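A short write-up of the structure that comes next.
Just so we're on the same page: letters track the sequence lines, and every chain starts at 1. These figures come from a predicted structure and were not determined experimentally.
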2 protein chains.
Amino acid sequence: MNLFERTGKMAIGSRLRLLTAKVTEDATKIYELYDIADFSPKWFPVFFVLSENEAKTITEIANEIGHSQPSVTNIIKEMAKAGLVLDKIKSDDKRRNVVGLTEKGIALADKIIKEQWPDIEISVENMINEATHNLWEAIAEWEFLLEQKSLFKRVQEQKKLRESKAVEIVHYDTKYQSAFKSLNEEWISNYFEMEESDYKALDNPEEYIISRGGKILVALYKGEPLGVCALIKMDDPDYDYEMAKMAVSPKAQGKNIGWLLGQAIINTAKDLGASKIYLESNTILKPAINLYYKLGFQKISGRPTPYKRANIQMELNLNVK
Amino acid sequence: MNLFERTGKMAIGSRLRLLTAKVTEDATKIYELYDIADFSPKWFPVFFVLSENEAKTITEIANEIGHSQPSVTNIIKEMAKAGLVLDKIKSDDKRRNVVGLTEKGIALADKIIKEQWPDIEISVENMINEATHNLWEAIAEWEFLLEQKSLFKRVQEQKKLRESKAVEIVHYDTKYQSAFKSLNEEWISNYFEMEESDYKALDNPEEYIISRGGKILVALYKGEPLGVCALIKMDDPDYDYEMAKMAVSPKAQGKNIGWLLGQAIINTAKDLGASKIYLESNTILKPAINLYYKLGFQKISGRPTPYKRANIQMELNLNVK
DNA sequence: ATTAATTACATAATTGATTATGCAAATATA
DNA sequence: TATATTTGCATAATCAATTATGTAATTAAT
């Protein structure tokens, strides 16, 4: 079995490189076939754009053909040596190096376009037609797709998706008490200071949260508790529950755990018949605030709070679609 | 308009190179995403074949992945430095450098295959599915097509085809007398010596060939006579005509002119109601003999000839299909 | 048993591109 | 108007591959 059938799509870069090499390998011989000596195939893109118009600057050419600027500088230098382009055509802006084809260059362009170009065009087109999958169109589509979203981004999203599938959200159990405390303690003491009410809830979640009609959810990744979140019953005419004590281990970054926990908490609240959830946080916790917005929470103001660190309050109306 | 829409298929090499660069560009970042440091993406093909089996030699790996041997030598050197492969595993043949993965290498392979590999596989597959033209399959087809016939060969054939279309076969006219003589004189005096009968026919073709019921055809390429061929009436019970004085300018090599002239002469003979054509030549003129065979002539023997240089005689039976 | 040819590989040189860097010219800003 | 920033490009350094070359080790041929 062929290497690339064994490696799979993982090696698409290598496979493309090899195909490029094969397509390119006898380019020099093709030029010789048309008695074009003294022409390096790598000059072609530069040569082509110069043959279309009057004169261009190095940077303009580089942008047009997708090469780096030094690459074009170098190609132009070589072509100038071969007498095909005229370098440093005078311009108002003395930084610019305006280049254009010489008479010799124009004559060569004419020859290439009249004789070689149609032969190659037809040869490649014949290959495209011999194949059932259109390489030329496929490349164009990939250029577009990669423009929209890089391969890195795509892989990153796929990784997140796979890992979030490996995340399991379970209900609180005594064995998670230490995780519940340490995960919260970690970020609170990192940004603020632990307060009396924190200790109460974190040390005795069953007493302070669950027995009072609340819920705690734990996110397990490969069995390990890496995220927690609580839904605390509120004694308030406006709100049924407060979402609080959400904490995700830095180890679990990029696994969507915050989102999954948030969704699970909201669903739990719905199951409990809640119509509004409240939360408070601090704007320095930007990723958290961002997550709350994504979950559908909206900023409100004017409620008293026992926590010193809270400077933003949000609510989620579960009855609105 | 996009550069490649303007250049057309001529720039398929450049376009492939750019796509390869785009696909490859964030490979390093992808490895980092999986906490794989100390791994260069270019190692992947080598790493992969080593992860499949026990141990391999440098050259075996090179052949398998389509790289040059020095490239593999270098990659192995780098991987050895990173502690992923074990170099110079002892072998009977002391020239061989047998290499295999270390424990660390095996562990890494496991990690890559279990985590990174499926994510990339799916990401690339999603891209393939988002496009309407299947890049992966198209590449495979092109690998096959180029294996069958290189791009150079294809372009060469296309050039020949185009040029043979630009060749015009016309009937002899006095203005072609000098071409008729010089083209023949060129090859005859090059390989042999001009004989008395040559001068007669070449200096006075109208008297010696046409007025005696023969024909002369001239191949014009862009108006210039670059090939000639005569059909000489024979006074023989076995043959109607002799095909002779075929000459093609070396300038016109590869334009199929010999074939086109031969075909035209045969058709002319058919139109004249001939049933058998005769020719004589010399076996040192290999391309000519080859052409005669391709035109359908078959070797015969035992006829007398006025030319010293003839050492092969052939005939074409026009009545046989 | 020599000698010649082949093979396996390392090293060196080259190629065609890239990023990094520095400098002068032009433009924007205080 | 002086200063800071940006632009355009050349040069240098680097990278990932390639061909070219040299040298042991092995195999084939005389």
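One atom, CD1 of B:I65, and another, C1' of D:dA16, lie 12 Å apart when rounded to the nearest Å. Whole-Å rounding puts the B:R15 CZ to C:dA17 P distance at 17 Å. When the C1' atom of D:dA12 is taken as reference, atom NZ of A:K77 falls 11 Å away, rounded to whole Å. Residue B:E25 contributes atom CD, which lies 11 Å from atom P of C:dT18 at whole-angstrom precision. Between A:K56 atom NZ and D:dC9 atom P the separation is 13 Å, expressed in whole Å. The separation between A:N63 atom CG and D:dG8 atom C1' is 11 Å, rounded to whole Å. Distance B:D87 CG to C:dC9 P: 11 Å, rounded to the nearest Å.
For A:D110, the side-chain hydrogen bond (donor to acceptor under 3.5 Å, both in side chains) partners are A:K114, not counting sequence neighbours. Every residue two or more places apart in sequence or in another chain that forms a side chain to side chain contact (heavy atoms under 4.5 Å, CB included) with B:A288 is listed here: B:L285, B:Y292. Under the ring pair (Phe, Tyr, Trp, His ring centres under 6.0 Å) criterion, A:W136 pairs with no residue, sequence neighbours left out. By the ring pair (Phe, Tyr, Trp, His ring centres under 6.0 Å) test, A:F152 is found to be paired with no residue, residues two or more places apart in sequence or in another chain being considered.
Counting any heavy atom pair closer than 4.0 Å across all strands shown, A:S40 reaches no nucleic acid atom.
The aromatic ring centres of A:W43 and A:F39 sit less than 6.0 Å apart.
Here B:T59 does not reach the OP1 or OP2 of C:dT7: none of its side-chain N or O atoms lies under 4.0 Å away. Side-chain nitrogen and oxygen atoms of B:T57 include none within less than 4.0 Å of the OP1 or OP2 phosphate oxygen of C:dA8.
Under the salt bridge (Lys or Arg N to Asp or Glu O under 4.0 Å) criterion, the residue pairs touching residues 11-20 of chain A are A:R15-B:E143, with sequence neighbours excluded.
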Quiz item: Could you write nucleotides 17-28 of chain D as a row of B, S and -, 5' to 3', where a protein heavy atom under 4.0 Å of any base atom gives B, of only sugar-phosphate atoms gives S, and otherwise -?
Solution: SBBB----BS--
